[in-house]
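For reference, the structure discussed in these notes is given below.
Throughout, a chain's letter reflects where its sequence line sits, starting with A, and its residues are numbered from 1.
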There are 4 protein chains.
Amino acid sequence: MRIISVAAELFALKGYGIVTNKDVARAAGISTGALYYYFSSKLEMYVEVFWSLQARVDERIDSAMTGVDTLDGRLRAILEVAHSLNAEDPSIARFQGTARVDRIRHPELLEAIPNPPGEGARVMERLIADGVKTGEVTLERRQQVRAVVRTIFVGLIDSQSDDLERHRQAIDGLIALLDHKLLVPARKARA
Amino acid sequence: MRIISVAAELFALKGYGIVTNKDVARAAGISTGALYYYFSSKLEMYVEVFWSLQARVDERIDSAMTGVDTLDGRLRAILEVAHSLNAEDPSIARFQGTARVDRIRHPELLEAIPNPPGEGARVMERLIADGVKTGEVTLERRQQVRAVVRTIFVGLIDSQSDDLERHRQAIDGLIALLDHKLLVPARKARA
Amino acid sequence: MRIISVAAELFALKGYGIVTNKDVARAAGISTGALYYYFSSKLEMYVEVFWSLQARVDERIDSAMTGVDTLDGRLRAILEVAHSLNAEDPSIARFQGTARVDRIRHPELLEAIPNPPGEGARVMERLIADGVKTGEVTLERRQQVRAVVRTIFVGLIDSQSDDLERHRQAIDGLIALLDHKLLVPARKARA
Amino acid sequence: MRIISVAAELFALKGYGIVTNKDVARAAGISTGALYYYFSSKLEMYVEVFWSLQARVDERIDSAMTGVDTLDGRLRAILEVAHSLNAEDPSIARFQGTARVDRIRHPELLEAIPNPPGEGARVMERLIADGVKTGEVTLERRQQVRAVVRTIFVGLIDSQSDDLERHRQAIDGLIALLDHKLLVPARKARA
DNA sequence: CATGAATGAGTCTTCATTCAT
DNA sequence: TATGAATGAAGACTCATTCAT
């Protein structure tokens, strides 16, 4: 629906608390009252935006993971998905970033959107579990891997999703990092 | 000042838009009117909180970098600083996370706190430039390194700073990543 | 009409101000738009409900009074009518109660439904005038009788019409009062 | 407080749902925002008005009942209290009338003001119980007496409290009724 | 230095009403 | 006949800010 897509963009940019019904209504070309014909509240509108975007992300990640069975391969695949999604519609990633902080800032949102939402958690568990099976992740490092993967994806969303070129560089850099090619050992320091 | 420290905590937790003057006043044990004796506006109060925390971070990073001259060593040092700062006062990292999004959400803040703020940018440039000197960063990968470093530190702040244990795991994981020890090549892949 | 009867029930329960067109429409199984095919406004709908119920009451009171020619007998007859009407359709009395206050609260209603409405006033005048004829009411007490009768019937509607059993007790009590049997002289008082 | 007294008058006249904060604010000579400095919500304001008026009524009824020990005497005393209260401040009775219907129409009010409120119920029970002791009320007629007393007082409030003269006539008529003097037996009807 | 009282603009939400279909 | 979509005015409530004391 038109309303959901303009709302997504506004929420992505400004967050739940700052975007007013008036903002959404004006951007959608209707009156604020009309919003209540479609959603029972601002909160519900936000929730619908959330799941609508989440669905697109989940679908893409799912299909990117099928046919790849190493953790290493999957990480690369997901990084590429992240980039192409960002290229197609930058508000998706931006929205995910703001949604994480909005769910903390507005308790109503946390209640309406249980934590952790969507496939996110499921994908992560699958990643780790399968990584253990392939031997890529040792049992002792499981938590570390989880933490690093989370750090990287959150960092990507929060710090790079507003500039497509930089986003590409971050992706390429991270792939190089996986390839041990990002950094070269230092020449004898101080030599 | 007492007001700044309670304000820091509140802003870190809830963000600029949600924390009210009344919240700050009550937490500081004064009236809202009194706030205006110390700050000319809520905005100014926020700015002062910002620089007060930023100063502590800058100082720590600066001192962590002196005496280390490889990019690799510096990254490890800064990661450790990030962790110990987080252990000492969790609201510092939290505030930095919320400040990044609040500066986007509230244009007045962006105007009052130019982007990128503080030493952040200077440190980053120094890191890269010296990395080139030591040969760790090739000229073609400069942008990638910058993007990856930024991704990692933002990811750390945004995704791990609310749980000290997980924060430690992320730090250890990232160090292992630098050591090429986080992930082991897959068995199957070699079959 | 179906609409009028569901509207009557809703208005009786909640009053003019609180019942929305949507409430009525939903209860009648149509859309709010359709309401405007039958009535030109919410106000007009209310007025039609009013007269529709009033007609039923008037008719019953009229027929209860014919053939009885003392004030005393008529009061008893009307009390019984009040009870049987309440037993048949409790929303009639309830509506009359709410209508009295709604006509005060919403000036538009007062304008649309002149005060005092319906046969009420006519019946009262007949009662008093004939009571004077039969000698039951002295000239000096005319106003008092009018006021007491009004007090009793309003009290019945407003305080008892939501519970049929209590309503019966009130009716029986009032008849006992007319018979000088409700209260017995106090023992102590005679001591 | 000034606000409470003007609010009482407005609520008495128009009821909870129709009186707006703006109405109260304008009548009190302040802004709507200022209301929230004194009350946390419109509901709370209403509740305070309620208890403030109820306190005055309770006190008067209590003192009217002391020293009188027959039911008959007490009823007369309370009727006189009703009249003098109405003479002093007509909004008290009017408010009690509207409050009864508002508590039904607005469930929040019922929750905030438990039913039955104030001394009302206590006074009624005392009246009946002592009436049984003095022999004025037989055991079988207890419920009837309760219902009649309730009917009369509700009727007085709801139908007469807006006109002091008529109120007086109703009181006098009711006293005459207790004295068996309101109505005279009919001369041979039809004779 | 500090407060309590107050303001007014702005927010979400409701609802009678309209109208093209 | 009837509907679904939409409007716009109004209502409760919040909050940064001001100011006399």
**Complete:** A:Lys42 NZ to E:dT14 P, in whole Å, measures 14 Å

**Request:** Could you tell me whether D:Val19 contacts a base, only the sugar-phosphate backbone, or nothing, with contacts defined as non-hydrogen atoms closer than 4.0 Å?
**Result:** sugar-phosphate

**Request:** State whether C:Lys14 and C:Asp23 are salt-bridged, where the test is any N-O pair (Lys NZ or Arg NE/NH1/NH2 against Asp/Glu carboxylate O) under 4.0 Å.
**Result:** no

**Item:** Length of the NZ-P vector between C:Lys14 and E:dC15, whole Å
**Value:** 12 Å

**Request:** Could you check which nucleotide pairs with F:dA9 in any of the strands shown, counting Watson-Crick or G-U wobble with both distances under 3.5 Å?
**Result:** E:dT14

**Asked** How close or far is atom P of F:dG11 from atom OH of D:Tyr46, stated in whole angstroms?
**Response** 18 Å

**Prompt:** Is there a donor-acceptor pair under 3.5 Å between the side chain of D:Lys22 and the backbone N or O of D:Ser31?
**Reply:** no

**Asked** What nucleic acid atoms does C:Asn21 come within less than 4.0 Å of, heavy atoms only: base, sugar-phosphate, or nothing?
**Response** base

**Request:** For the side chain of B:Ser31, starting at C-beta, report the closest nucleotide among E:dT13, E:dT3, E:dT7.
**Result:** E:dT3

**Prompt:** OP1 or OP2 of E:dT14 sitting under 4.0 Å from any side-chain N/O of A:Tyr36?
**Reply:** no

**Complete:** Per ring-ring contact (aromatic ring centres under 6.0 Å, His included), D:Tyr16 is matched among D:Tyr46, D:Phe50, D:Phe95 by D:Tyr46

**Message:** Using heavy-atom distances to pick each residue's nearest nucleotide on DNA chain E, tell me which of D:Ile3 and C:Ser40 is more 5'.
**Reply:** D:Ile3

**Message:** Can you measure A:Leu35 atom CG to E:dT14 atom P for me and round it to whole angstrom units?
**Reply:** 12 Å

**Complete:** Between CE of B:Met45 and P of F:dA16 the distance, given in whole Å, is 8 Å

**Message:** How many whole angstroms separate atom OH of C:Tyr37 from atom P of E:dA16?
**Reply:** 22 Å

**Asked** Going from CE on D:Met45 to CE on D:Met1, what distance comes out if it is rounded to the nearest 0.5 angstrom?
**Response** 10.5 Å

**Fill in**
Closest to the 5' end of DNA chain F, once B:Tyr16 and D:Asp23 are matched to their nearest nucleotides, is D:Asp23

**Message:** Using a heavy-atom cut-off of 4.0 Å across all strands, would you classify A:Thr20 as base, sugar-phosphate, or nothing?
**Reply:** sugar-phosphate

**Asked** Tell me: NZ of B:Lys22 to P of E:dA2, nearest whole Å?
**Response** 20 Å

**Complete:** Per nearest nucleotide of DNA chain F, the residue lying toward the 5' end, C:Gly29 or B:Gly17, is C:Gly29

**Request:** Find the partner of E:dT21: check Watson-Crick (N1-N3 plus N6-O4 or O6-N4) and G-U wobble (N1-O2, O6-N3) distances, both under 3.5 Å, and reply none if neither fits.
**Result:** F:dA2

**Message:** So if I take every side-chain heavy atom of B:Ile30 and compare against F:dT1, E:dT7, E:dT3, which nucleotide ends up nearest?
**Reply:** E:dT3

**Complete:** Among the nucleotides F:dT3, E:dT3, E:dT18, whichever has the atom closest to the side chain of C:Ala34 is F:dT3

**Request:** Could you tell me the separation between the CD atom of D:Glu44 and the P atom of F:dC13, rounded to a whole number of Å?
**Result:** 10 Å

**Prompt:** Within a reach of under 6.0 Å around CD of A:Glu111, are more than 12 heavy atoms found that belong to other residues, nucleotides or ligands?
**Reply:** no

